[in-house]
Amino acid sequence: MARDYAKKSGSSKRGSTRRKKNAGSGGNGLKLYLAGVLSGVFLSALVYLSSLTPEAAPPTPQPEPEAAPEQPDAIADAPKPRFDFYKLLPEQTIDVEVDEVEPARDVGKPGAADLYVLQAGSFRQREDADRRRAQLLLLGLEPTVEASSGDNGRWFRVYLGPFASRSDMNRVRGLTAGQDIDTLPLKRSGD
């Protein structure tokens with residue numbers, strides 16, 4: 001036997017009553033949320049107020065103790081500090097033996113034969129080295145490309161210099177750093 005559910009009016013009444021009950025529960029959630037927030041604010045205010053220190057009460061006047069009679073002799077008899085080092089230091093002498101030593105050549109300072117060079121790149125391909133050389137030529141510098149062979153293959157290194165002083169080298173290094181070209185300072189003996 002087939003049933004016609006569309007004509008039944010009782011099922012639609014049940015669904016509408018459920019919707020009305022669920023519609024009111026959304027307001028209850030909001031009320032609970034607001035109650036939680038307000039209680040949190042209230043408890044935070046209580047904790048803050050309890051952490052405050054009460055203002056200090058003004059000090060109560062204390063009766064002054066009876067003053068002892070002054071003893072001018074005790075103050076006058078106190079020993080005065082003595083500063084004898086003003087007399088002792090000028091009279092004191094110290095004898096020091098100085099051995100004459102030949103001054104050694106300072107390794108950190110460049111000699112007349114030392115030259116400075118900047119390495120502006122090291123490349124596997126000659127074309128890459130020529131590209132870097134062209135960048136440096138546009139800056140008004142005079143780079144050179146040197147080829148070297150070793151255990152790890154053939155390399156093309158781009159050099160700037162030689163520079164007679166460190167200040168000249170640092171000037172050129174600042175110029176290349178402004179163009180995002182990293183350089184490596186090298187010190188070579190001019191022998």
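Note that the coordinates shown come from a computational prediction; the quantities given were computed from them, not determined experimentally.
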Side chains of residues 135-144: which donor-acceptor pairs under 3.5 Å do they make with residues two or more places apart or in other chains?
residue : atom : partner : partner atom : Å
Gln135  : OE1  : Arg132  : NE           : 3.0

Give the table of side-chain donor-acceptor pairs shorter than 3.5 Å for residues 170-185, with sequence neighbours excluded, one pair per line with atom names and distance.
residue : atom : partner : partner atom : Å
Asn170  : ND2  : Arg166  : O            : 3.3
Arg173  : NE   : Thr183  : OG1          : 3.2
Arg173  : NH2  : Thr183  : O            : 3.3
Thr176  : OG1  : Val172  : O            : 3.4
Thr176  : OG1  : Arg173  : O            : 2.9

Only distances under 3.5 Å count here; give the side-chain donor-acceptor pairs of residues 150-161 to other protein atoms, sequence neighbours excluded, each with its distance to 0.1 Å.
residue : atom : partner : partner atom : Å
Asn152  : OD1  : Trp155  : NE1          : 3.4
Arg157  : NH1  : Ser148  : OG           : 2.4

Using distance only, find each side-chain donor-acceptor pair of residues 83-92 under 3.5 Å and give its atom names and separation, not counting sequence neighbours.
residue : atom : partner : partner atom : Å
Asp84   : OD2  : Arg82   : NH2          : 2.9

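Hydrophobic clustering of Ile, Leu, Val, Met, Phe, Trp and Tyr side chains at less than 4.5 Å, counting indirect connections, keeps Leu49 apart from Leu43. Residue Val117 is not grouped with residue Val145 when hydrophobic side chains (ILVMFWY) are merged at heavy-atom distances under 4.5 angstrom, including chains of intermediate members.
With sequence neighbours left out, the salt bridge (Lys or Arg N to Asp or Glu O under 4.0 Å) criterion links Arg131 to Asp128. Applying the salt bridge (Lys or Arg N to Asp or Glu O under 4.0 Å) rule to Arg126 yields the partners Asp130; only residues at least two apart in sequence or on another chain are considered.
Within the 4.5 Å cutoff, the side chain of Tyr33 has heavy atoms near those of the Val37 side chain.
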